[in-house]
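Single-structure report; data block below.
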Amino acid sequence: MDKLYIVIPAYNEEENINSVIEDWYPIVERIGNGSKLVIIDDGSKDSTYNMMKKAAETKAAFEPVTKPNGGHGATVLYGYHYAIEAGADYVFQTDADGQTVPEEFWDFWNIREQYDMVIGHRKGRQDGISRKVVTKVLKVVLKLCFGVTIKDANTPFRLMKAKTLSENMKLIPEDYNLSNVMVSVIYAKKKLPVKYLPVTFRERQGGVNSINIKKITKIGKQALKDFLRINKILANNI
């Protein structure tokens with residue numbers, strides 16, 4: 001019987017957090033077998049964590065976690081380690097902004113045994129032209145830096161076998177900002193069995209998007225340096 005951990009990073013999501021909990025909790029409750037919904041508060045400055053603790057009072061399979069602010073990628077990695085150390089068989093990651101649709105999870109779960117990772121590719125995205133451009137540019141950069149073609153490397157809708165994830169996270173630097181991108185790259189370079197399924201990607205359901213063009217540019221410059229550095233690491237280990 002498979003144990004699932006749903007891992008969701010959250011930062012200043014007080015407008016969304018209750019609906020996110022209500023949306024995703026029924027999945028772990030239905031699967032059972034010790035499955036958990038784990039939301040990691042990344043040092044929010046609003047009431048996100050207090051709201052999470054309140055919700056956990058009536059939801060035994062929900063574990064609210066908080067830690068100092070470290071950014072999205074580092075928080076995702078934290079969640080993956082948390083799930084693996086807890087004995088999860090499968091780890092699913094999404095975000096706390098309400099852009100993904102829980103009902104689409106079951107198509108992923110039904111084919112979980114066939115692939116090391118089942119990942120969404122975003123169709124009809126409603127999160128703005130700048131992010132669509134970033135995804136297209138990222139695809140080109142990953143091809144140039146790593147020699148792999150990845151449909152949608154950073155999608156926050158991915159189901160992974162915990163054993164495979166644990167083995168490959170060792171290649172990702174601690175607190176790395178684009179951790180999901182690097183997971184996708186490693187799986188592609190190793191030619192591990194990965195399946196892409198189309199997923200809905202809605203507008204943010206509440207709160208303010210913390211990413212803007214200035215931040216995207218800064219992240220992009222740092223990402224290129226990191227990609228070149230990590231490529232050398234991967235070359236010696238894959």
Side-chain angles (χ1 to χ4, degrees), residues 5-9 11 38 40 42 67 69-85 88 90-96 100 108 115-122 131-197 199 201 210-211 215-238:
Y5 267 56
I6 295 179
V7 169
I8 302 178
Y11 177 71
V38 180
I40 304 105
D42 185 31
K67 69 173 190 64
N69 181 261
H72 182 275
T75 305
V76 167
L77 281 179
Y78 183 99
Y80 291 165
H81 285 293
Y82 186 99
I84 290 165
E85 290 170 7
Y90 288 87
V91 181
F92 177 81
Q93 187 268 322
T94 192
D95 285 344
T100 55
F108 287 59
Y115 303 97
D116 283 330
M117 178 166 63
V118 187
I119 181 172
H121 66 88
R122 292 167 280 194
R131 289 201 170 197
K132 294 177 185 178
V133 171
V134 167
T135 297
K136 291 182 181 298
V137 172
L138 178 62
K139 186 175 181 177
V140 174
V141 171
L142 295 180
K143 177 66 174 179
L144 293 173
C145 289
F146 298 102
V148 293
T149 300
I150 302 175
K151 186 173 290 187
D152 198 346
N154 202 29
T155 308
F157 201 103
R158 55 184 65 206
L159 177 67
M160 299 161 285
K161 289 181 178 176
K163 182 179 179 181
T164 308
L165 179 62
S166 178
E167 292 168 354
N168 289 289
M169 281 198 306
K170 299 170 186 176
L171 298 172
I172 303 174
E174 187 177 351
D175 294 335
Y176 183 62
N177 188 51
L178 296 176
S179 51
N180 271 346
V181 172
M182 203 48 53
V183 168
S184 298
V185 166
I186 292 168
Y187 280 44
K189 286 189 73 70
K190 286 190 171 185
K191 295 181 171 57
L192 297 173
V194 174
K195 176 70 172 179
Y196 279 83
L197 293 178
V199 294
F201 210 67
S210 62
I211 295 294
K215 278 191 175 182
I216 288 172
T217 302
K218 182 178 179 181
I219 291 171
K221 289 179 179 178
Q222 185 60 47
L224 185 57
K225 295 177 182 178
D226 289 342
F227 287 165
L228 295 173
R229 175 173 58 89
I230 294 172
N231 196 24
K232 294 179 181 179
I233 296 174
L234 298 185
N236 294 324
N237 288 276
I238 296 178

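None of the values given here were measured: they were computed from a predicted structure.
Contact check for L197 versus H121: no side-chain heavy atoms found under the 4.5 Å cut-off. For the pair L77/M169, a side-chain contact is recorded, criterion being any heavy-atom separation below 4.5 Å from C-beta on. Counting only heavy atoms from C-beta outward, the side chains of V7 and Y78 never approach each other to under 4.5 Å. Between N168 and V183 the shortest side-chain heavy-atom distance does not fall below 4.5 Å. Put simply, the side chain of N154 does not reach to within 4.5 Å of the side chain of S184, judged on heavy atoms. Contact of the Y196 side chain with the I150 side chain is registered, since non-hydrogen atoms from C-beta on lie closer than 4.5 Å. Here the side chains of D116 and V194 are not in contact, with every heavy-atom distance at 4.5 Å or above. Within the 4.5 Å cutoff, no side-chain heavy atoms of P173 are placed close to those of M182.
Here the CZ-OG1 distance, from R122 to T155, works out to 4.0 Å after rounding to the nearest 0.5 Å. Remark: N237 CG to K189 NZ distance equals 11.5 Å, nearest 0.5 Å. Distance CG/L165 to CG/L192: 11.0 Å, rounded to 0.5 Å. Remark: R158 CZ to T100 OG1 distance equals 12.5 Å, nearest 0.5 Å. To the nearest 0.5 Å, atom CD1 of residue I119 and atom CG of residue N180 are 7.0 Å apart. Note that the NZ atom of K161 and the OH atom of Y115 stand 10.5 Å from one another [nearest 0.5 Å].
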Q: Test side chain to side chain contact (heavy atoms under 4.5 Å, CB included) on Y176 and L178 and set out the steps.
A: CA-CA 6 Å; Y176 183 62; L178 296 176; 3.8 Å; yes
(Q) Quick one, L159 with M117, criterion side chain to side chain contact (heavy atoms under 4.5 Å, CB included). Give me CA distance, side-chain angles, the key distance, then yes/no. (A) CA-CA 6 Å; L159 177 67; M117 178 166 63; over 6 Å; no
**Q.** Check against side chain to side chain contact (heavy atoms under 4.5 Å, CB included), I40 and Y11
**A.** CA-CA 9 Å; I40 304 105; Y11 177 71; over 6 Å; no
**Q.** Steps toward side chain to side chain contact (heavy atoms under 4.5 Å, CB included) verdict (Y80, Y5)
**A.** CA-CA 9 Å; Y80 291 165; Y5 267 56; over 6 Å; no
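The shortest non-hydrogen separation linking S179 to I172 is O-CD1, 4.0 Å. The heavy-atom pair separating L138 from A153 by the smallest distance is CD2-CB, 4.3 Å.
Looking at D42, its side chain does come within 3.5 Å of a backbone N or O of G70 through a donor-acceptor pair. Formation of a donor-acceptor pair under 3.5 Å by the N231 side chain with backbone atoms of C145 is found in this model. A donor-acceptor pair under 3.5 Å is formed between the side chain of T94 and the backbone N or O of P156. For S166 (side chain) and A162 (main-chain N/O), no donor-acceptor pair under 3.5 Å exists by modelled atom type.
If you check the side chains of T75 and K67, you find a donor sitting under 3.5 Å from an acceptor. Remark: the D95 side chain and the H72 side chain contain an N/O donor-acceptor pair separated by less than 3.5 Å.
Summarising the local packing, CD of E174 is surrounded by 12 or fewer heavy atoms from other residues, nucleotides or ligands at distances under 6.0 Å.
Classification of the F157-F92 ring pair by plane angle, with boundaries at 30° and 60°, yields perpendicular.
If you look at F227 and F146, their ring centroids are closer than 6.0 Å.
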